Trainee: 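A single structure is presented below for examination.
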There are 2 protein chains.
Amino acid sequence: MARAVGVTPATVSYALNGLPGVSEELRDQIKAVADEMGFRPSRLAVGLRLGRTNTLGLLLPDVANPFYPELASGVIEGASAEGMQVFVAQVGLDGRDHASAVSALVDSHCEGLLFTAVLPHDIPMLTDLRARGVPFGLINRRIEGLDADWVGIDDFAAARELTSLVLEGRQSVAVFGGPERSSVSAGRAAGARAALAAAGRTPLPDGMVGDLTRESGVERARALFDARGPVDLVVCGNDVIALGVMDVCHERGLAVPDDVAVTGFDDMSFASAGPLRLTTVEVPRHEMGRQAVAGLRRRMLGFTGEPQVVELPYTVRRRNTA
Amino acid sequence: MARAVGVTPATVSYALNGLPGVSEELRDQIKAVADEMGFRPSRLAVGLRLGRTNTLGLLLPDVANPFYPELASGVIEGASAEGMQVFVAQVGLDGRDHASAVSALVDSHCEGLLFTAVLPHDIPMLTDLRARGVPFGLINRRIEGLDADWVGIDDFAAARELTSLVLEGRQSVAVFGGPERSSVSAGRAAGARAALAAAGRTPLPDGMVGDLTRESGVERARALFDARGPVDLVVCGNDVIALGVMDVCHERGLAVPDDVAVTGFDDMSFASAGPLRLTTVEVPRHEMGRQAVAGLRRRMLGFTGEPQVVELPYTVRRRNTA
DNA sequence: CTGAAAGCGCTTACAG
DNA sequence: CTGAAAGCGCTTACAG
């Protein structure tokens, strides 16, 4: 490329990066030739030289839960708008493989990492990351005892609001939460309990903890109905669990919401499919991704202030399942 | 790192890469120190030196359609199993931004690219890519007139099989396909038509082409029912369209499948939600991703044979909507 | 068996 | 205003 114009690589670099020290005429000529040849600087070489790669890493748990792809979409879109590229790595639902995924990402000189499913046992890995000076942010889940940038919603308040809204006239209430150690699931379950407590009630002890899957919803609903017959209301930790609960209602001939009311959480696209129009909380997944990138970007640019906590607005959607 | 052991970087490189020319004793010592210090070679430097980055790029259209995340999951999993990392880039539904996404990926020295939503107008971009020696593969959609590695299913046969299966007793049949230029949508629509033709029938001309979205399903169903009243069967280009059609059936008090039968395509997880149990075709999305990586990997390793076409098995799932 | 040197493709002080 | 040189962190022929 340099040879084509008859100058040194240095001059090309100056010209293309708009630095002073090269005449306008020559600059234009170099730019023209670069365009013509389709010359583009190697990001590898630039990264190595500058120590800045414009790359970030995103860690996602498995994709059976459509929550994550939409979050990822926000991250990729936000990154792309800033000229950054995104390595996406996949980790187990329980955060298995976090460590190896992280080291692969760090080896590739990601300038920042975004985590979407942290659990308490990830603390050593994260403090190690911090010690190595790699900025990171948490999306959705957070960890008690680890101050870090975080983007999410107030799951407690949202669950309390949703539950209060549908509680009227419902006596026996089950809360089908998610994994015990997930801050998000814990917040949602606590919010539901708080709403019940405000009405002077306590939830049934059945099925409070479990996976955020449809199968888990099915299993827990079967066990619950076997043990207690149809209950009045099942508050679910996410829409997917709610789907499983409604599968069981259907299988046992129970009408939703007349016999059993059901609420979800997240407002996935399928939550309002056909006759099934789930009462749930809309979580701004895409925006969470964008905001997380914005925060990480600031860190990458050297911001060293206090951990930033971004709590986004949610929307309770009352439809026809509760 | 080299200094810590008191040898040159060269010796460290030899030791860590298991090359001959360094005593076992020294090798062990170097490995021990490397582990202790958490030393990991910079992928940037290795990439620059070797011209091999162990990185691939995946281009996805927007994620509203849950088809793609599961495909992406297969790609990421397959790549990870081979020690490769994946840059994920997002392009518009109609392949807008393909060119700029591709050049960003190429700048980052991706050794191969995987496309999931190519259209005929992408041909120049792809031939240019080939001219530059960057291997690529197509998943799901392909393009007539461009020989390239491809992984997918036989959409024509699957749609024909599905349609024949549910055709009995259904007189007026609409086919709600996807975008005209998508090979996948075209194949599915043609398969449905072939099944109809075999029964001596032709589809209604309404709504044959449209987006693969729920909104499009809603709009087309409304227009169809307005024009012709309830039809006997609507064959949809994917599950999401089918969802929209069933929304309209519900809104107009039409029973599925008694008044209107509906079929989908893809078998997304929500396709069998509660009372809604869509008759559809299961597409092995995850496996498509894995196979595409395997094929691309061979190319990256220098395989230059004929374009490889991998047609994966599908499964027709007859449930209760048709 | 080990060390010194060149080079991957850039950028950036530093001389001219 | 332009060119020669060093260096980012590695790997790999090439001498010793």
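Predicted, not measured: the structure shown is a model, and the values here were computed from it. Numbered from 1 within each chain, the chains take letters A, B, ... in sequence-line order.
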Trainee: Can you tell me which nucleotide in D:dT11, C:dC10, C:dT2 comes closest to the side chain of B:P9?
Mentor: D:dT11
Trainee: Send over the distance from B:D28 CG to C:dC1 P, rounded to a whole Å.
Mentor: 13 Å
Trainee: Which nucleotide, C:dT11, D:dT11, C:dC8, lies nearest any side-chain atom of A:V46?
Mentor: C:dT11
Trainee: Which nucleotide in the list D:dG3, D:dG9, C:dT2 gets nearest to the side chain of B:T11?
Mentor: C:dT2
Trainee: Taking atom CZ of B:R299 as the centre, does the number of heavy atoms from other residues, nucleotides or ligands within less than 6.0 Å exceed 12?
Mentor: yes
Trainee: Quick one: are B:I139 and B:L114 in side-chain contact, heavy atoms under 4.5 Å?
Mentor: yes
Trainee: Check the surroundings of atom CD in A:E82: do more than 12 heavy atoms from other residues, nucleotides or ligands lie under 6.0 Å from it?
Mentor: yes
Trainee: Tell me the interatomic distance from B:I30, atom CD1, to C:dC1, atom P, rounded to whole angstroms.
Mentor: 13 Å
Trainee: Which nucleotide in the list D:dG9, C:dT2, C:dT12 gets nearest to the side chain of A:L19?
Mentor: C:dT12
Trainee: So what does A:R52 hit on the nucleic acid, given a heavy-atom distance under 4.0 Å: a base, only sugar-phosphate, or nothing?
Mentor: nothing
Trainee: Just to be sure I understand the rule, does A:S23 reach a base, reach only the sugar-phosphate, or reach nothing, if contact means heavy atoms closer than 4.0 Å?
Mentor: sugar-phosphate
Trainee: For residues B:H286 and B:L71, determine if any side-chain heavy atom of one lies less than 4.5 Å from a side-chain heavy atom of the other.
Mentor: no
Trainee: What is the distance, to the nearest angstrom, from the CG atom on A:N17 to the P atom on C:dT12?
Mentor: 7 Å
Trainee: To the nearest angstrom, how far is B:R49 atom CZ from D:dT12 atom P?
Mentor: 7 Å
Trainee: Can you confirm whether more than 12 heavy atoms, excluding those of B:E311, are under 6.0 Å from its CD atom?
Mentor: yes
Trainee: What is the base-pairing partner of D:dA4, counting Watson-Crick and G-U wobble geometry with both distances under 3.5 Å?
Mentor: none
Trainee: From CG of A:L50 over to P of C:dT11, roughly how many Å is that when rounded to an integer?
Mentor: 7 Å
Trainee: Is the shortest side-chain heavy-atom distance between B:L138 and B:D149 below 4.5 Å?
Mentor: no
Trainee: What is the distance, rounded to the nearest whole Å, between atom CG of A:L16 and atom P of C:dC10?
Mentor: 10 Å
Trainee: Tell me what B:L44 touches on the nucleic acid: a base, only sugar-phosphate, or nothing, going by heavy atoms under 4.0 Å.
Mentor: nothing
Trainee: Rounded to whole angstrom units, what separation is found between the CZ atom of A:R43 and the C1' atom of C:dT11?
Mentor: 16 Å
Trainee: Sort out the partner of C:dA13 for me: Watson-Crick or G-U wobble, both distances under 3.5 Å, none otherwise.
Mentor: none
Trainee: Once the angle between the rings of B:F136 and B:F115 is folded into 0 to 90°, is it parallel (under 30°), tilted (30 to 60°) or perpendicular (over 60°)?
Mentor: perpendicular
Trainee: How close or far is atom C1' of C:dC10 from atom CZ of A:R40, stated in whole angstroms?
Mentor: 15 Å
Trainee: Of all the choices, C:dG9, C:dT11, C:dG3, which nucleotide is nearest to the side chain of B:T8 once you look at every atom?
Mentor: C:dG3
Trainee: Could you check whether B:S13 gets within reach of a base, just the sugar-phosphate, or nothing at all, counting any heavy atom under 4.0 Å?
Mentor: base
Trainee: Are B:C110 and B:L56 side-chain neighbours, meaning at least one heavy-atom pair lies under 4.5 Å?
Mentor: no
Trainee: Within the sub-3.5 Å range, which N or O atoms of nucleotides 13-16 of chain C have a protein N or O partner, and how far apart are they?
Mentor:
| from | atom 1 | to | atom 2 | distance (Å) |
| --- | --- | --- | --- | --- |
| C:dA13 | N7 | A:Y14 | OH | 3.1 |
| C:dA13 | N6 | A:Y14 | OH | 2.6 |

